[in-house]
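Predicted, not measured: the structure shown is a model, and the values here were computed from it.
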Amino acid sequence: QVQLVESGGGLVQVGGSLRLSCAADGRIFPFVSLSLGWFRQAPGKEREFVAAINLGGASTYADSVKGRFTVSRDNAKNTMYLQMYSLKPEDTAVYSCAAGFGPLTTTPMSYTYWGQGTQVTVSS
C-alpha cells in the first residue's frame, strides 16, 4: 500500500504562484517505481486531469495548464511537486495526487492510490 499526502494549498490572488507537494510513503513499493499524477475537482464539477509524470521522468499536462504548471519529482525525498504560476480563478479546486503502476496516463482509473487533497483558491 502507498499513502499519499498533499500539502501547499491555500488562498492566492490572480496571477500568483503556488507550489503543491505530494509526499509518498513507499513502505512496500519504492517511490521510483510509481507513476504519479495530479488531478483537481471544483464543486459541482467532474474530476479533471492536471499533470502526470512517470517513473522515467516524462511528463504531460492538460491544455488548460500547459505553460503555467510544472510537475516534477524528487525520488530521494519521495515527493512529487506541482509548481503553479499565473494562477487564474478557474484553477480553484481541490487538488489531489495519485500514484500507480504503468505508463504515463491522464486517466483517473489508471491510478491505484490517492491522497486526501489540498484546497487551492484563487481570488479575483
Side-chain angles (χ1 to χ4, degrees):
Q1 186 176 6
V2 178
Q3 293 185 340
L4 305 174
V5 180
E6 303 93 338
S7 63
L11 175 64
V12 298
Q13 295 183 325
V14 171
S17 62
L18 205 61
R19 186 196 189 203
L20 305 183
S21 298
C22 173
D25 182 353
R27 295 178 181 178
I28 299 176
F29 301 102
F31 185 79
V32 294
S33 71
L34 299 171
S35 291
L36 304 163
W38 285 101
F39 295 82
R40 65 188 183 186
Q41 187 169 25
K45 296 185 179 295
E46 296 289 332
R47 181 161 51 189
E48 176 188 23
F49 168 76
V50 177
I53 184 167
N54 70 7
L55 51 87
S59 60
T60 188
Y61 302 88
D63 289 340
S64 59
V65 306
K66 195 173 301 181
R68 298 188 298 118
F69 291 8
T70 300
V71 63
S72 62
R73 63 191 295 167
D74 187 334
N75 292 334
K77 297 180 179 179
N78 288 356
T79 303
M80 174 179 62
Y81 304 97
L82 184 67
Q83 180 65 58
M84 305 182 291
Y85 293 106
S86 301
L87 285 164
K88 306 174 181 179
E90 307 94 274
D91 295 319
T92 296
V94 173
Y95 285 70
S96 300
C97 64
F101 305 93
L104 188 66
T105 180
T106 64
T107 306
M109 67 179 68
S110 297
Y111 294 93
T112 303
Y113 307 102
W114 292 82
Q116 296 293 320
T118 185
Q119 177 71 48
V120 172
T121 302
V122 184
S123 65
S124 59

Under 3.5 Å, is there a donor-acceptor pair linking the side chains of Arg68 and Tyr85? no
From Leu34 atom CG to Leu4 atom CG, the distance as rounded to the nearest 0.5 Å: 8.0 Å
May I ask you to test the Leu55-Val32 pair for a side-chain heavy-atom distance under 4.5 Å? no
Any side-chain heavy atom of Cys97 sitting closer than 4.5 Å to one from Leu36? no
For Asp91, is there an ion pair with Lys88 - N to carboxylate O distance below 4.0 angstrom? no
Rounded distance (nearest 0.5 Å) linking atom CD of Gln119 with atom OG1 of Thr92: 7.5 Å
In terms of relative ring orientation, are Phe101 and Tyr113 parallel, tilted or perpendicular, with 30° and 60° separating the classes? perpendicular
Could you pull out the closest heavy-atom pair between Ser35 and Tyr111, with the gap in Å? O-CE2, 3.9 Å
Any heavy-atom pair between the side chains of Asn54 and Pro103 that's under 4.5 Å? no
More than 12 heavy atoms from other groups under 6.0 Å of CD on Glu46: no
Distance col, row Arg73:CZ vs Asn78:CG, nearest 0.5 angstrom, shows 9.5 Å
Quick one: pull up OG in Ser7 and OH in Tyr95 and give me the separation to the nearest 0.5 Å. 15.0 Å
For Leu104 and Ser59 the tightest heavy-atom approach is CD2-C, 3.9 Å
Please give me the minimum heavy-atom distance between Ala42 and Ala93, naming the atom from each residue. N-CB, 3.9 Å
Look up atom CG in Leu18 and atom CE in Met84, then write down how far apart they are to the nearest 0.5 Å. 4.0 Å
Test applied, side chain to side chain contact (heavy atoms under 4.5 Å, CB included); reference residue, Met80; option that passes from Val71, Asn75, Leu20: Val71
Are the side chain of Thr105 and the backbone of Thr107 linked by a donor-acceptor contact shorter than 3.5 Å? yes
Can you tell me if Glu6 uses its side chain to pair, donor with acceptor, with the backbone of Gln116 under 3.5 Å? yes
Which value, rounded to the nearest 0.5 Å, describes the distance between Arg40 atom CZ and Glu48 atom CD? 4.5 Å
Quick check: do Thr106 and Tyr61 have side-chain heavy atoms less than 4.5 Å from each other? no
Could you tell me which non-hydrogen atom of Val65 sits nearest to which non-hydrogen atom of Val50, and how far apart they are? CG2-O, 3.5 Å
Please report the closest heavy-atom contact between Ala24 and Val2, naming both atoms and the distance. CB-CG1, 4.3 Å
Tell me the closest heavy-atom pair linking Tyr81 and Trp38, and the distance in Å. O-NE1, 3.6 Å
Has the side chain of Thr79 got a donor or acceptor atom that lies under 3.5 Å from a matching backbone atom of Ala23? no
